[in-house]
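Ligands are counted one by one from 1 in listed order, and the atoms in each one are counted from 1 as well. FYI, the numbering just counts along the sequence from 1.
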Amino acid sequence: MNEEPDKATRIELLRADASDCTRCDLANGRTKVVFGTGNPNAPLVIIGEGPGENEDRTGEPFVGRAGILLDEVLRECKMLRKHVFITNVVRCRPTKMEAGRLQNRPPTTEEATACITNWLVPTLEAIQPLVILALGAPASSAVIHKGFKMTQERGTFHDSKYAPYAIASWHPAYILRLQGEAFDAARAALVADMELARLKVIEARKEPPKTLF
Ligand code: URA
């Protein structure tokens, strides 16, 4: 009998493969590969941009200030990390040297393409989520469409090659750079978009399955 491995096994095999990845230059500067965390059987996958300093050190996604905000928002939508799977466009921290210290930077197109092809797409194929929540433009461009415009296109559902439904929202790190009313509005939008994603999971579970892979 030739049984397909279950989702958790597929994710653990991918995680092990990715642990010594050298498919792009980010391998040279990383401390740990940040593959992803949460429930491989989750109907909702949340995708960020890439690890920062704390994630690089611990190997876990969203463990810095942005992660604290993400956890708050999950909790406000009555969810915990164990109810979702959280990953990123890239699995290794992109850095630049500025003012004498290593700073985060967005991934290059080459870095993002290598990681999307080798790890993000296989992760989504293994999990087969009903809904994807993309945080920020790089994740939205990766799973919804290239050149995604956050200001015009966030907060509504889009087609995706990787899930029946995908929605984009503000990245928590972006929200943390805002102040006053702008901060409050963007944070509220993230809570609203997370709640839309949660409600879409409930709705989609009642629909006949759409086979994507
Ligand atoms: N920002 C991200 O996009 N991902 C992380 O894992 C942490 C911060």
Side-chain angles (χ1 to χ4, degrees), residues 11 14-15 18-19 21 24 26-27 29-40 42 44-75 79-96 98 101-116 118-124 127 129 131-144 148 150 153-154 160 162 166-178 183 186-187 189-191 193-194 197:
I11 289 298
L14 284 168
R15 188 192 299 281
S19 67
C21 177
C24 81
L26 292 180
R30 72 166 177 245
T31 309
K32 287 196 172 156
V33 171
V34 182
F35 184 81
T37 192
N39 184 351
L44 173 60
V45 171
I46 299 174
I47 306 174
E49 180 174 312
E53 188 177 0
N54 296 303
E55 292 80 17
D56 176 66
R57 186 170 38 78
T58 59
E60 293 288 318
F62 284 100
V63 290
R65 286 178 65 230
I68 293 171
L69 176 54
L70 181 61
D71 284 336
E72 280 173 20
V73 171
L74 278 167
R75 231 175 297 120
M79 291 189 282
L80 297 169
R81 285 190 184 220
K82 68 179 180 187
H83 298 127
V84 299
F85 192 87
I86 302 175
T87 187
N88 282 305
V89 172
V90 292
R91 271 136 205 74
C92 300
R93 181 190 181 199
T95 56
K96 61 181 177 191
E98 216 170 76
R101 60 180 294 253
L102 280 184
Q103 312 269 11
N104 295 338
R105 63 162 172 81
T108 64
T109 306
E110 292 71 31
E111 292 159 354
T113 304
C115 213
I116 291 166
N118 289 291
W119 308 117
L120 181 59
V121 171
T123 298
L124 295 171
I127 297 178
V131 179
I132 294 173
L133 174 63
L135 299 176
S140 308
S141 291
V143 297
I144 301 176
F148 191 91
M150 290 297 295
E153 299 183 89
R154 64 139 279 279
S160 167
Y162 309 111
I167 185 167
S169 195
W170 300 118
H171 193 291
Y174 165 77
I175 298 174
L176 289 169
R177 290 195 292 273
L178 303 173
F183 172 88
R187 190 187 187 288
L190 176 57
V191 173
D193 298 339
M194 181 76 80

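The CG atom of L44 lies 12.0 Å from the CZ atom of F85; values are rounded to the nearest 0.5 Å.
Counting heavy atoms from C-beta on, the side chains of L74 and L80 never come closer than 4.5 Å.
For the side chain to side chain contact (heavy atoms under 4.5 Å, CB included) with Y162, the qualifying choice from I127, L124, V45, I144 is L124, the only one to do so. For the side chain to side chain contact (heavy atoms under 4.5 Å, CB included) with L26, the qualifying choice from P94, C21, P51 is P94, the only one to do so.
Closer than 4.0 angstrom to ligand 1 sit non-hydrogen atoms from G48, E49, G50, E55, P61, F62, N88, H171.
Proximity of a side-chain donor or acceptor of R91 to a complementary backbone N or O of V34 within less than 3.5 Å is not detected.
Nearest heavy atom pair, residue E49 against residue H171, reads N-NE2, 3.9 Å.
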